[in-house]
Protein chains: 2
Amino acid sequence: MTTAQRPTLEAVARRAGVSRATVSRVVNGSTTVAEPIREAVHRAVAELGYVPNLAARSLVTQRTDSVALVMPEAATRVFSDDQVFPGIIRGAALELEAADKQLVLMLAGSRAGHERVERYTTGRHVDGVLFASLHGADPLPGRLTRLGIPVVCSGRPLGDASVPYVDVDHVGGVTRAVQHLIDGGRRRIATIAGPQDMVGGIERLAGYQAAVTSAGLPEWVAYGDFTRESGVAAMRRLLAEHPDLDAVFAASDLMAHAALRTLRTAGRRVPDDVAVVGFDDIETAAYTEPPLTTVRQPIQEIGRRMTRQLLRLAAGEPIEPAVVLPTELILRDSA
Amino acid sequence: MTTAQRPTLEAVARRAGVSRATVSRVVNGSTTVAEPIREAVHRAVAELGYVPNLAARSLVTQRTDSVALVMPEAATRVFSDDQVFPGIIRGAALELEAADKQLVLMLAGSRAGHERVERYTTGRHVDGVLFASLHGADPLPGRLTRLGIPVVCSGRPLGDASVPYVDVDHVGGVTRAVQHLIDGGRRRIATIAGPQDMVGGIERLAGYQAAVTSAGLPEWVAYGDFTRESGVAAMRRLLAEHPDLDAVFAASDLMAHAALRTLRTAGRRVPDDVAVVGFDDIETAAYTEPPLTTVRQPIQEIGRRMTRQLLRLAAGEPIEPAVVLPTELILRDSA
DNA sequence: TTGTATGCGTTATCAG
DNA sequence: CTGATAACGCATACAA
């Protein structure tokens, strides 16, 4: 292993018999360099295996051509099978690909991880930061924004209102879902709510509450955290407390899936005895038994829009502070 | 939004009435600074909201305190439910957490993505590079190694043998699995092999071939790519070509799961008519119908060991060129 | 214990 | 079209 001293611009310049400035021009594709010189430089670059030092470059350009996508979650949840994070990642990756920028994924599940992400992003290691899903009132997005670092969140940030975000129309989707249940003759509609430290959890519950209340129906709530396990527990609680329920709206498809199975175990037929509606429209929603009626949110599009907003911001263009994407009720067999 | 000019060491120094060098010492936790001065500096740092510029720092220290984990796959596959990548990510995250280094995840699914990763890593944006799963003979690990950048691969790299790696004992695991089938009286043992451009696919097939051949048994192979869909197709082909098979070893649990369902659909009972063994021991393996007998590989441990090796390498310590972790046959009901 | 001076590898500004 | 030369923001050997 030749721990060869890494060649610098200087070395290339000497080899090619030109100045550093000229080498820099060629490397950066400037068109104002004479053809023979350009060739000589390219040859020298190849012979020496020269690769620009990004730290030096970004020190002067003030850019890094990379963008961070921060996921304030432990790896387990990020890579669970609800495919929400992966969808956002895919959307961001596609959009950054087009802009020829590097996507840097960072997990901030632990306290230390969160701090490390803060150091990394405030240290200008990236041109902008995307936040994938925030818990509670995380101060980091606001802090970065105040430092002048472009930030876009997925989901309205709970703490600092001044951070631009991309979200979906939770309330509209839930309202349509509950209305659909009511139209189908359901009158005892329960909900399995999501975590109340996340905007998605909060708004979907609010949407449910508004819909049942305005229809003069009772409000039956059990809380989960979007996962299957929590869905099972919540569904059991609901069945115990309200054995006569005839419909349930779950704030995530994973919890809806759990509800489906729990209801069957309890001897209830879906949708005959109990109708079930989920939220997300993940891939498996079409393959559950029975196939799940659910509120679709355009997950990948969230990633794309966030990224586009961020790139605009980084380019100094003004952007709208909030983008809200539509949701859609997908009718299948469970309701 | 105050696009405040970002404060530098210089600014902090002036504010605190000391030299840049002293501020630098305080910021980096040097103990040789008088208490009152240290306090003054800290105050100035807080008042100005100073954050060190990482590019400038790494330009002089030659370190970035971050490590890249490259996944040469599209996002879809990385985040599929086999949980192999997530396991490696978790292992690496845990180990880097302990070392207080930042984990930088990079997807290199497309051609352009691959190039971008190359620029990023060769540009010394990270102190070392972990490769999660290589297809074919990717030249990048070798190239980075020759540039003096620490690299560790998961799985023996197919191209350049000089790159250190961490792998599991594929052959040993498969041999035990097949032997278990033979001990159970099976004589017509087929395999659903993995992709032959990946070391895992190659070695698991080789292990199967060696085991059946040395037992004087026929060698029946159908190829998949580790996914469920490919497993269904492969199992169907095997059933069509060798309707009398009495066992199948699948090179991944996902494919084994598919085999289970396909066999049942075809009217075969597992394990009565056909025994099935998988490879991986993913979480769902315990919940399939029937629960899956499989070869466990310590996925998370792979991530941890890779990372430890990389950190040693980056610290200039010598490391063994190959680490091979043991596999274990987990007996459940499918075989 | 603190300050001074220097260099890390680029890009950008200006002359020529 | 090309070449000096000055930043960029920080860490550190050396001097005081």
Side-chain angles (χ1 to χ4, degrees), chain A residues 4-42 44-45 48-66 119-120 122-125 127 147-149, chain B residues 4-42 44-45 48-65 119-120 122-127 147-149:
Chain A
Q5 199 51 24
R6 166 154 226 253
T8 70
L9 260 196
E10 179 71 43
V12 176
R14 269 202 309 272
R15 177 95 171 203
V18 297
S19 73
R20 282 205 315 253
T22 300
V23 176
S24 176
R25 290 187 189 104
V26 172
V27 169
N28 290 301
S30 163
T31 49
T32 69
V33 175
E35 192 48 35
I37 293 205
R38 173 198 310 278
E39 265 179 34
V41 170
H42 274 140
V45 164
L48 266 44
Y50 168 75
V51 179
N53 180 316
L54 266 30
R57 173 179 287 171
S58 78
L59 185 56
V60 43
T61 61
Q62 308 277 34
R63 291 179 307 106
T64 64
D65 289 323
S66 60
R119 281 211 307 275
Y120 195 88
T122 58
R124 302 278 172 175
H125 237 318
D127 296 341
L147 280 172
I149 298 173
Chain B
Q5 200 52 25
R6 170 154 221 248
T8 71
L9 259 196
E10 177 73 42
V12 177
R14 270 201 309 271
R15 177 98 171 201
V18 297
S19 74
R20 281 203 317 251
T22 299
V23 177
S24 176
R25 290 189 188 101
V26 172
V27 168
N28 290 303
S30 164
T31 49
T32 68
V33 177
E35 192 49 34
I37 293 205
R38 174 197 309 279
E39 265 179 33
V41 170
H42 275 139
V45 164
L48 266 44
Y50 169 75
V51 179
N53 180 316
L54 266 29
R57 174 179 287 173
S58 77
L59 186 55
V60 41
T61 60
Q62 308 278 35
R63 291 179 307 104
T64 65
D65 288 323
R119 283 210 306 273
Y120 195 87
T122 58
R124 304 278 172 173
H125 238 317
V126 291
D127 295 341
L147 280 172
I149 299 172

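Everything numeric in this text was worked out from a predicted model, so none of it was measured. Any value given below was found using the heavy atoms of this structure, including those in side chains, with hydrogens, waters and symmetry copies removed. Chain naming here is simple, since letters A, B, ... match the order of the sequence lines and numbering starts at 1 in each.
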Among [options], the nucleotide that comes nearest once only the side chain of [X] is considered:
{"X": "B/Q62", "options": "D/dG9, C/dT10, C/dC8", "result": "C/dC8"}
{"X": "B/S24", "options": "D/dT2, D/dA11, C/dT1", "result": "D/dA11"}
{"X": "B/P52", "options": "C/dT2, D/dT2, D/dC10", "result": "D/dC10"}
{"X": "B/R57", "options": "C/dT10, D/dC10, D/dC8", "result": "D/dC10"}
{"X": "B/S19", "options": "C/dT4, D/dT2, D/dA11", "result": "C/dT4"}

Can you measure [X] atom [atom1] to [N] atom [atom2] for me and round it to whole angstrom units?
{"X": "B/N53", "N": "C/dG9", "atom1": "CG", "atom2": "P", "result": "16 Å"}
{"X": "A/R63", "N": "D/dC8", "atom1": "CZ", "atom2": "P", "result": "17 Å"}
{"X": "A/Y50", "N": "C/dG9", "atom1": "OH", "atom2": "P", "result": "10 Å"}
{"X": "B/L54", "N": "D/dC10", "atom1": "CG", "atom2": "P", "result": "10 Å"}
{"X": "A/R20", "N": "D/dC1", "atom1": "CZ", "atom2": "P", "result": "22 Å"}
{"X": "B/H125", "N": "C/dC8", "atom1": "NE2", "atom2": "P", "result": "20 Å"}
{"X": "A/L9", "N": "C/dG7", "atom1": "CG", "atom2": "C1'", "result": "15 Å"}
{"X": "A/L59", "N": "D/dC10", "atom1": "CG", "atom2": "C1'", "result": "8 Å"}

Exercise. Please figure out whether A/N28 or B/T31 has its closest DNA chain C nucleotide nearer the 5' end.
Key: B/T31
Self-check item: Heavy-atom donor-acceptor pair, A/R25 side-chain to D/dG3 base, under 3.5 Å
Solution: yes
Quiz item: Going through the distances and angles, do B/V126 and B/Y120 end up as a side chain to side chain contact (heavy atoms under 4.5 Å, CB included)?
Solution: CA-CA 8 Å; B/V126 291; B/Y120 195 87; 4.1 Å; yes
Quiz item: Within a strict 4.5 Å, meaning less than it, do heavy atoms of the B/R20 and B/V23 side chains meet?
Solution: no
